[in-house]
Amino acid sequence: QVHLVESGGGSVQAGGSLRLSCAVSGDSFSEFSEYCVAWYRQAPGKEREGVAGIDTDGRTSYADSVKGRFIISQDNTKNILDLQMNSLKPEDTAMYLCAAAVFCVSWPNLSESDFGYWGQGTQVTVSS
C-alpha cells in the first residue's frame, strides 16, 4: 500500500502564492524516483484536472492553465512532492490532490486512469 498525504492548502488573495506538499510512504513503497507523480485538482461541479506531473526520468508536464505560474518538484531523499503556486487566480480554487503511478502510460498527458494511488486532498481558495 502507498500512502499520500497533502498539506499546505489555505486561503489567499489573487496574485498570492501557496506551496503544497505531498508526503509519500507505505509498506509496498520502494524508491520514490521509480514512480510517476502528479498534482490534480477538482473544483465543485467540474471534472478532475491534471495540473502538473513528474515522470520517472524527471521530466515535467503542466496543464496550459498553470504553465509559467506553477512549479512541481520532488525530493527523493524525503519522499516529498511539492507544488509551488504563484500568481494565483480565483479560477485556481479547488481541492488539490497528489497522485502516484508505477507507469505513466499517457505521458506527457496526465491521464487520471494511470494513477492508482491518491491522497485525500488539500483545499486551496483564491479570492479576488
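Scope of the values below: all heavy atoms of this structure, side chains included, with no hydrogens, waters or symmetry mates.
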Atom pair [atom1]/[atom2] of [X] and [Y] - distance to nearest 0.5 Å:
X	Y	atom1	atom2	value
S128	Q13	OG	CD	9.0 Å
S33	Q74	OG	CD	7.0 Å
I80	C22	CD1	SG	7.5 Å
C98	L81	SG	CG	6.5 Å

With no hydrogens and no angle check, is any side-chain donor or acceptor of [X] less than 3.5 Å from a backbone partner on [Y]?
X	Y	value
T125	S11	no
Y62	I72	yes
D114	S106	yes
R41	A94	no
T93	V126	yes
D55	R59	yes

[X]-[Y] co-clustered via ILVMFWY side chain contacts under 4.5 Å:
X	Y	result
F103	F115	no
Y96	V37	yes
V5	M95	no
W118	V102	no
L110	Y117	no

Which heavy-atom pair separates [X] from [Y] by the least distance, and what is that distance?
X	Y	answer
H3	G26	CD2-CA, 4.0 Å
S127	P90	C-CG, 4.5 Å
L18	G10	CD1-O, 3.9 Å

- Task: Give a yes or no on whether Q120 atom CD has more than 12 heavy-atom contacts from other residues, nucleotides or ligands under 6.0 Å away.
- Result: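 Counting other residues, nucleotides and ligands, CD of Q120 stays at 12 neighbours or fewer.
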
Between the side chains of [X] and [Y], is a donor N or O closer than 3.5 angstrom to an acceptor N or O?
X	Y	value
S111	N109	no
Q84	D82	no
Y40	R48	no

- Message: Does this structure show an ion pair linking K67 with D64, if we count only N-O contacts that are shorter than 4.0 Å?
- Response: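 Between D64 and K67 there is a salt bridge, with a charged N closer than 4.0 Å to a carboxylate O.
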
- In a check of side chain to side chain contact (heavy atoms under 4.5 Å, CB included) between V66 and each of V51, L88, N86, which one passes?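 Exactly one pass, corresponding to V51.
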
- Message: Name the residue from L20, L83, L97 that meets the side chain to side chain contact (heavy atoms under 4.5 Å, CB included) definition with E6.
- Response: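 Of all the options given, the one that passes is L97.
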
- Verdict with supporting geometry, V2 and V24, side chain to side chain contact (heavy atoms under 4.5 Å, CB included): CA-CA 7 Å; V2 178; V24 186; 3.8 Å; yes

- Decide side chain to side chain contact (heavy atoms under 4.5 Å, CB included) for E112 and E47; before the verdict, give the C-alpha distance in whole Å, the side-chain angles of both, and the deciding distance to 0.1 Å. CA-CA 11 Å; E112 191 174 341; E47 292 187 356; over 6 Å; no

- Item | Test of ring centre spacing under 6.0 Å for W39 and F70 |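 Ring centres of F70 and W39 not closer than 6.0 Å.
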
